> 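So that we are looking at the same thing, I have put the structure below in structure tokens.
These figures come from a predicted structure and were not determined experimentally. By convention in this document, chain letters (A, B, ...) are assigned in the order of the sequence lines, proteins followed by strands, and residues within each chain are numbered from 1.
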Amino acid sequence: MVRHVTIDPITRLEGHGKIDVILNDEGGVDHAYFQVPELRGFEQFLVGRPAEDAAQITSRICGVCPMAHHMAAAKAMDDLFRVECAPTGKLIREWCYNGFTFEDHALHFYFLGGPDFVVGPTAPKAQRNILGVIGEVGVEAGKKVIAMRREVREMITTIAGKIIHPVFGLPGGVARRVSKDEQKQCIEISEHAVEFGLFSLQLLRDLVLANKQYVEYITSEGYTHNTYYMGLVDENNHVNFYDGMLRVVDPEGKEFAKFDVHDYIEQIDEHVEPWSYIKFPYLKQVGWKGFEEGRDSGVFAVAPLARLNASDGMSTPKAQEAFEEFYDTLGGKPVHHTLATHWARLIELLSAAEMMLDIAKNDAFTGEHIRNIPTATPAEGMGVVEAPRGTLFHHYQTDEDGIITMANLIVATQNNAARIAMSVDRAARTLINNGQVDDGILNMVEMAFRAYDPCHGCATHALPGQMPLIVRVYDANHRLAQEIRRDP
Amino acid sequence: MPDDVSLPIAEDFQPRIIAFFCNWCTYTASDLAGTSRMTYAPNTRVIRVMCSGRIDPQFVLAALRKGADGVLLGGCHPGDCHYQAGNYKCLRRFRLLKRLLTQLGIEEERVRLEWIAASEGDRVQKVTNEMVEQIRKLGPLRLEKIPTHPNGEAAPAPAEPMATATEGAVS
Amino acid sequence: MIMEKKSPQEELRIGVYVCHCGANIASKVDVESTRDFAAKLPHVTVARDYKFACSDPGQELIQKDIKELGLNRVVVASCSPQLHEKTFRNACADVGLSPFYVQMANIREHVSWVTEDPELATRKAKSLVAAAVRRLAFAAPLETKRVPVHPDVLIVGGGIAGIHASLILANAGRKVFLVEREPTIGGHMAQFDKTFPTMDCAACILTPKMSDVKNHPNIMMWTYSEVEEVAGFTGNFKVTVRRKARYIKEELCVGCNDCVEACVLKKDRVQVPDEFNVGLSRRKAVYMPFPQSTPACVVIDPEQCLQLMKGKCAQTCVEACERAAIDFDQSDEIVEIDVGAIIIATGYKPFEARRIAEYGYGKFANVYTTLEIERLVNASGPTGGELRLRDGTTPKVAGVIHCVGSRDRRYNPYCSNVCCMGALKMAHLIKERTGAEVFNFYVDMRTAFKGYEEFYDQILSEGVQFVRGRVAEVTDWAMTDEEKGKLVIRVEDTLVGVARRIPVDMVVLAIGLEPQADAGEIQRKFNISCSNEGFFLERHPKLGPVSTFTDGIFLAGACQGPKDIPETVAQAGAAAAEALCLVDKGFVEIEPNTAWIDEEVCSGCKTCIPLCPFKAISRDEEKRIAVINEALCKGCGTCVAACPSGAAQQNLFTDEQIYEEIEGVLSYA
Amino acid sequence: MSKPKAGFYWCASCGGCEESVVDLAEAILDVVDAIDFVFFPVAMDFKREDVEAMEDGEMTVCFINGALRTSEHREMAELLRRKSQFLIAYGSCSYQGGIPGLANLYSRSQILDFVYGGSPSTANPEGNRPQPHFHAPEGDLELPTFDSEVKALDQVVDVDFYLPGCAPPPSLLKAAVEALLSGELPPKGSVLAPDKALCEDCPRIDSKPNEPLISEFKRPWEIEIDHEKCLLAQGLLCLGPATRSGCDHVCINGNMPCTGCMGPVSRVQDHGSAILSALASLIDSDDPQKIDDVLEGIPDPAGTFYRYGLPHSTLFAKCGITQGNGET
């Protein structure tokens, strides 16, 4: 009798995850454990480094969202050296940041999470990738995706120094000015980006929303959790990726808390489990009640779906329309269906594109004064941004020379860890019965967390490493009874 | 190579010290120590360079990596360099190298810079004996044993929370 | 990444020769086991030990192996390369092996002579041999560079050493610059009255040589001048000389001394002690050091001259000078000269007798130094040659104390070499001039050279009394009536074994010789070395007595150590010969240890450019990389160690060679 | 005829190296035409079994990025070594240990103590620590453990070529692939990038004085950084003089100094001490005190000079098949 199912490791996410499904004697799921098996200790070896290097060192936590870490650190540096970011510097940061959010969301939709929908969850494995997507949407559209990302990333490279591990962020602003010519290019690219955003949403409508089966997945119990949601919002409680206040809404969608990054310690604690390297953040004011949903459990979610749930809308018109369409279709706020995250992501993608355009058109974008030189003695600084995968906290303490003495990072996927664990458990319970385990089911289990676009590289500040999915089924005596591949 | 290819490191530990001496002052001084029959500890191995300015920090690290327990740099007194200023370049590098080594947890005494003039055979004797004694106290340099705090003092051997065979302190 | 090691093409055949150096090495280092160890090292074709590798048979042995065994590399484990590297390089070159395929392992100076434990000594020797063998793998057959030599010679110091050396070189047709800081040449010898052992008059033998110097067409005699700075290297020195303002037009002055007569500084107390007469007389602001001064030209002391100090003076001297030679507007002149060789003959400083308080010099009027007596007995001296006490009376009893400041741990541990003979000369002169009874107080009588012992005998026969014992004290505290008004010399007569008190009228201190006060400064300027007591260090006590560690710079006279006149003159001759053979050869062979830039690797980062003290590195704007001017490079290797690309390399000291050496010594430490 | 087979695997990497492949953009389609990717976890669902099933040397080339710290990394490295004719260390981590290699400055216990204890946001009253073996009520759970230190690839398996950069410039990847396809390969052990330091093609080299003496080191936030002038000449710690070029000096274009991700040129054994020597030699003082004052401007020599290469540094290098320290 099958007792123990291992999915190790999970593919097409940045980072390393592991799922253990343990069955009971009836073949039902006893518990599915979602494990993250690595740790790198960035926080430790940041100690002794000059504070300004944190922006470049922490970006190496994740090569997929280096900009998020770079920017969170840069904002923490502003705070640390008690210097306002120069307005032009802020615009330059924001253009790059929205550009990054845009292309990263595109990466996930078309390369990582998308295939499940665009190609189909049970499609042959050789097609469940970008090439499959291209096959589905046509080479022209495929090239369009690639070209779009290239354009944005090349532009960011020019402005930020590098796209993979940027260098431009400094306390008080950025290192490099934007020329008038570059501004023109930025405007052009931003315009393409907006079109691309609309194109992608249309693609979603045509290929996913039009497909009854997929919509069922999205709304099915297996992919639904009533939890708290957190995200950055601007002064109008609209979604903002770069800056703002942190807003938390309860499972009914009512504002539960709104706080400044400096209060994160009051709001968030990290719970430790002996079976995973990842720590599980929860709302301190509610408390840790285990992997439970509902308003009495401190478990909360971040990332696109959460950001939409935690906000009152988008700050840009086209995205706002999409926002409304989203909630109308799915029955109002908040939406608890994990798989709706993919849709939310495309709405953010469009919003990011629109913001890029606004910024690029701003005359101050090419200003001379890009950075304020700090004069204060550094001591402690915190910074927060909305990484594509959710809220990202950087917190540093230094000596008077600005040498780091303490670094604490709470990263996007980590904030989702508890909910991901629950999703996986729930998906497994729903999908696996009588010990019947097959690849299709397992991929759908995987979809449960892939929706979060989890980055365990980030989450554990660990060393991501990917392996094909293998399922090992153990009998009652833990002897390997059967090995299943996720083959068609 | 013969079988007795390396010093027994044991109760009577013989430190291995590589000395880079400049041709004009310090090397000559150690020749003078010889002609004056000043006996001193047999633990140094002198490598002659024309000027202390030729001493590349890479040599120092290589020596330590290859098994030296200490490295002694010798040059002409400030102002006396046969090449006018090579010894100052050596000094500049040494000051920075020191900072690096300290940060990496290598004890101060293991790398030393001395100005020794051609006539100071006795200083070669004194400095060598001194250094050998200091390093004898420190014991052999085991690079594997060096995890460090940024401030440089060696980290305490960690009580590993995760009991697995392979674990040890990081170095 | 791993550095690619360019291993030599041809198969290595290394011969290792372990030298016994008689017992010098063999008594500590087990040469046989070292030989056997070497024999087992990779690429070693043959390993031998030999009694004296540097001997002809030793060298022939090596040459034979090169020819018969086809050796292409040679390791000689013997003494310091400073000593015999050239010897073995030449030996190999003679049989067609590149001299730079020879590697020395210094197992004498660095091992056998400094190590107590034979077992550890052998260990050390082996590791040095191992290193030498490994290093050779990366040796290259370099070309020795030849650099033309400037034919002129600079001689620093116009004492008898400098004078003699100048004349030899000038007579050999070389142009000589003789730089003397005093207003006249002659040095200490000019102050002497007589010279031992022959007692011929110092002036009589010296002044002719002085005027020869003055008149020699090949000699530029620059008195009242000092070397400011020395740049360059053997064969091509650039020397900056400061010619101090004399305030006299040297070419016009004939030394008539009318100006001296005319100088307004009349009264003794406004005049200053006369240096030449060691303060026994006084001189005016304008003066001629002594009658035979060379050049015969007065000088004005700016510290004394009212005109120069206060800007107002009757300027009687100017009136007095018919040749209008006086020029108050003169100022120091800086001259730059190029020379191929330099001889340093800066002499010595007499021991300061005041330092030994118990001898009462400076406290008791009638305690003199030998130098003072020289002046007092000299016909042109302050008393016109009359030897009188300060009160004008003639001494009846005199005591001459030897070893004053010499062979005395409190002052100078060394023997000043000349004082014994000098003291005997004193005894003789005092007796001769005053008929006084003379006691000589000596520790050991050192009269080791030609005619010296005979001179000692002569003095003995003249009835001078010799008391063996170091004088404890000179005191005016009389214990008996006969001691009243006298100076009492307290001494233990070690021959008789009794303490004695000897009352005398005059005490003469035979003061020793010390390095010049500014010897350290000279050492720095010329980049040579000093021995511990501060005299300049010769390259080798036996084989290089007049050479220094800086090629092209030689030593003559007492600046290298206490010497009397005969020895000084001999050494001056030797130094002149060495300098002559350098400049006559016309070129110097430069050790080809110069640095070069690997164009393939240099990024043109400019790091090396400011590091070169010889401005040998510049940027090739075409290739946008650094280039080293080999002619200017002196081979210090500073740029090599600083190059962040490893593009700069130094011949004979490549990175590979040094890494091999490091691994070599550690492979068997 | 069949296309050459290739693999692209990540050990302990941040994913940036994968992104750098994606950044081939349109060119990636040509690459996919020319090469048959038989193992590429980030993009495709092929499995370890598929690799194990291959003949030894069946893959023409395999690119491995990321440093190595777990037994799993080592196993995969060894497996892929066996299965490929050419093994290429891809990216700074695989080449020299990379930024995660800075962890070698600390012991694992120091790391764990902070993460699960010291961190201000951690609530861990029970003092829980992740356990390699955990007995959950429903059954046993396993976590992999990892090595005491971070290693570079050539400290575990034999490496044919190195492709440096954090992340490697797509242009170099493209060139490498072309070289592999054409078979025109440099000697084994070569770094597939220009063998000259960054100053070579630095757009600011002409603004660097011919005598670039240093009287003060500045930290980038302390000054207005001139957009044209040599950064070293502005007092910023730029590792360009000691760091391999080939990165199109993107950081310099971003008006920030080079931090050395491309590693040293081939004649340099130890990147950190090479730049150390160059910079220190240029300090414009002979007075020990003044020299020290200038050096205060380099608060973190180890983290600065060995930012990407601590595990590969002369002092910290771990013995392996190839030691990057001239030990051959």
> Could C/E661 and B/K66 be called an ion pair, given the rule that one side-chain N must be under 4.0 Å from one carboxylate O?
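No, this pair does not count.
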
> Side chain, backbone, both or neither: which part of C/C636 has a non-hydrogen atom closer than 4.5 Å to chain B?
both

> I'd like to know if the side chain of C/T638 reaches the main chain of B/G86, judged simply by a donor and an acceptor atom lying under 3.5 Å from each other, with no hydrogens or angles considered.
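Side chain of C/T638 to backbone of B/G86, a donor-acceptor pair under 3.5 Å: no, none is there.
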
> Is C/S531 in contact with chain B via its backbone, its side chain, both, or neither, using a 4.5 Å heavy-atom distance?
backbone

> Using 30° and 60° as the class limits, which term best fits the ring planes of C/F233 and B/Y83: parallel, tilted or perpendicular?
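Rings of C/F233 and B/Y83: parallel, as their planes differ by under 30°.
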
> Hydrogens and angles aside, do C/E109 and B/T35 bring a side-chain donor and acceptor to less than 3.5 Å of each other?
no

> Side chain, backbone, both or neither: which part of C/E591 has a non-hydrogen atom closer than 4.5 Å to chain B?
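Looking at C/E591, nothing touches chain B.
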
> Please report the shortest heavy-atom distance between C/P81 and B/R48, naming the atom on each side.
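In terms of heavy atoms, the two residues are closest at CG-NE, 3.9 Å.
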
> Does any backbone or side-chain atom of C/D117 lie under 4.5 Å from a heavy atom of chain B? Answer side chain, backbone, both or neither.
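It is neither, since no heavy atom gets under 4.5 Å.
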
> Could you check C/H110 against B/Y27 for ring pair (Phe, Tyr, Trp, His ring centres under 6.0 Å), going step by step and ending with a plain yes or no?
CA-CA 9 Å; C/H110 287 190; B/Y27 191 90; 4.6 Å; yes

> Side chain, backbone, both or neither: which part of C/A642 has an atom under 4.5 Å from a heavy atom of chain B?
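Both backbone and side chain of C/A642 come within 4.5 Å of chain B.
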
> With distance as the sole criterion, is a donor-acceptor pair present between the side chains of C/N532 and B/D122 under 3.5 Å?
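Side-chain D/A pair, C/N532 to B/D122: absent.
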
